[in-house]
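Since the structure comes first, as structure tokens, the remarks are kept for the end.
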Amino acid sequence: MRSTVSDRRLAWALGLAGLLPFIGGSVAAWVAPTVWQISAIYGFTYYSAVILSFLGGVHWGSALQVPRGNNARRLLLAMVPSLIAWPALLFSPVTGLWVLLAGFVLIGGYDISREGREGFAAWYLKLRCVLTAVVAVCHLAVLWRLAA
């Protein structure tokens with residue numbers, strides 16, 4: 001896939017901006033007044049579920065945009081993140097956050113697999129690795145706060 005430098009820069013900027021609620025929520029879970037910590041943890045969890053679901057949409061769009069032999073499999077796998085994210089909201093915050101973290105790690109692993117990276121530019125895969133790493137660290141920070 002060809003993309004212009006401006007498209008790549010915009011994607012990186014938007015991806016990094018999408019980390020702000022994760023970073024802000026994980027920091028607020030530690031340093032905000034207690035009432036706000038609770039809201040921060042729930043907000044973090046809900047945002048996490050939305051973003052995990054969004055990641056499935058990336059593969060859904062890719063399967064529809066670029067014809068390949070494995071499109072049916074990619075379309076089915078594109079549904080997995082939302083099927084992980086939605087039930088995670090029904091669990092306790094600790095369990096839900098562990099489920100969401102597992103979802104990010106699993107979809108990140110798929111993204112860098114031979115099948116998952118097919119049709120994506122190398123810069124996108126680097127972006128996904130950076131975003132997944134930061135999201136995972138933020139989840140661990142919130143989980144640590146909940147264990148404290």
Side-chain angles (χ1 to χ4, degrees), residues 1 3-66 73-113 115-148:
M1 292 181 85
S3 64
T4 65
V5 172
S6 62
D7 289 345
R8 187 176 332 155
R9 285 186 183 145
L10 179 59
W12 269 88
L14 293 171
L16 294 173
L19 292 175
L20 294 176
F22 284 114
I23 295 167
S26 60
V27 169
W30 281 91
V31 302
T34 305
V35 170
W36 293 358
Q37 288 178 16
I38 295 166
S39 294
I41 291 166
Y42 278 106
F44 180 97
T45 304
Y46 300 150
Y47 182 71
S48 178
V50 168
I51 296 303
L52 183 58
S53 295
F54 173 81
L55 295 178
V58 171
H59 289 284
W60 181 272
S62 173
L64 295 177
Q65 187 69 28
V66 181
R73 182 177 166 137
R74 185 169 279 210
L75 284 169
L76 289 169
L77 287 170
M79 298 306 298
V80 170
S82 58
L83 295 174
I84 292 171
W86 173 71
L89 297 177
L90 303 176
F91 298 131
S92 71
V94 172
T95 303
L97 285 169
W98 278 115
V99 170
L100 291 165
L101 174 57
F104 279 104
V105 171
L106 288 171
I107 192 71
Y110 176 72
D111 285 348
I112 62 173
S113 73
E115 181 181 318
R117 68 177 178 249
E118 188 178 331
F120 291 105
W123 66 262
Y124 173 75
L125 299 172
K126 290 177 189 172
L127 173 62
R128 286 287 297 117
C129 287
V130 168
L131 297 177
T132 299
V134 174
V135 166
V137 167
C138 290
H139 277 76
L140 292 172
V142 174
L143 285 162
W144 185 19
R145 176 64 184 105
L146 289 169

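A 4.5 Å side-chain heavy-atom check between Val58 and Tyr124 finds at least one atom pair inside the cut-off. Within the 4.5 Å cutoff, side-chain heavy atoms of Leu97 are placed close to those of Phe44. Using a 4.5 Å cut-off on side-chain heavy atoms (C-beta onward), Val134 and Phe22 make no contact.
Pairs passing the salt bridge (charged side-chain N to carboxylate O under 4.0 Å, His left out) check and including a residue from residues 40-58, sequence neighbours excluded, do not occur. Each side-chain hydrogen bond (donor to acceptor under 3.5 Å, both in side chains) pair with one or both residues in residues 37-46, not counting sequence neighbours, appears once here: Gln37-Arg145. Contacts classified as salt bridge (charged side-chain N to carboxylate O under 4.0 Å, His left out) and involving residues 16-38 (residues at least two apart or in different chains) are not found. Listed by first then second residue, pairs satisfying salt bridge (charged side-chain N to carboxylate O under 4.0 Å, His left out) with a partner in residues 29-52 number zero, not counting sequence neighbours.
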Name every donor-acceptor pair, under 3.5 Å, that has one atom in a side chain of residues 48-56 and the other anywhere in the protein, sequence neighbours excluded.
unit_1 : atom_1 : unit_2 : atom_2 : d
Ser48  : OG     : His139 : NE2    : 2.7
Ser53  : OG     : Ala49  : O      : 3.1

Exercise answer: donor-acceptor pairs, residues 99-108 side-chain atoms, under 3.5 Å, sequence neighbours excluded:
none

Below 3.5 Å, can you tabulate the donor-acceptor pairs from side chains in residues 12-20 to any protein atom, sequence neighbours excluded?
none

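The two residues Trp30 and Ala141 have their closest heavy-atom pair at NE1-O, 3.0 Å.
Rounded to the nearest 0.5 Å, atoms CG (Leu143) and OG (Ser26) are 11.0 Å apart.
Legend: residues meeting ring-ring contact (aromatic ring centres under 6.0 Å, His included) with Trp98, ordered by chain and number and at least two apart, are absent. With sequence neighbours excluded, the residues forming a salt bridge (charged side-chain N to carboxylate O under 4.0 Å, His left out) with Arg128 are Asp111, listed by chain and number. Contacts of Trp36 classified as ring-ring contact (aromatic ring centres under 6.0 Å, His included), with partners at least two apart in sequence or in another chain: none. With sequence neighbours left out, the side chain to side chain donor-acceptor pair (under 3.5 Å) criterion links Ser6 to Thr4. Annotation: side chain to side chain donor-acceptor pair (under 3.5 Å) contacts of Ser92 (sequence neighbours excluded): Thr95.
With salt bridges taken as basic N to acidic carboxylate O contacts below 4.0 Å, none links Glu118 and Arg74.
Distance alone, capped at 3.5 Å, places no donor-acceptor pair between the Ser62 side chain and the His59 backbone.
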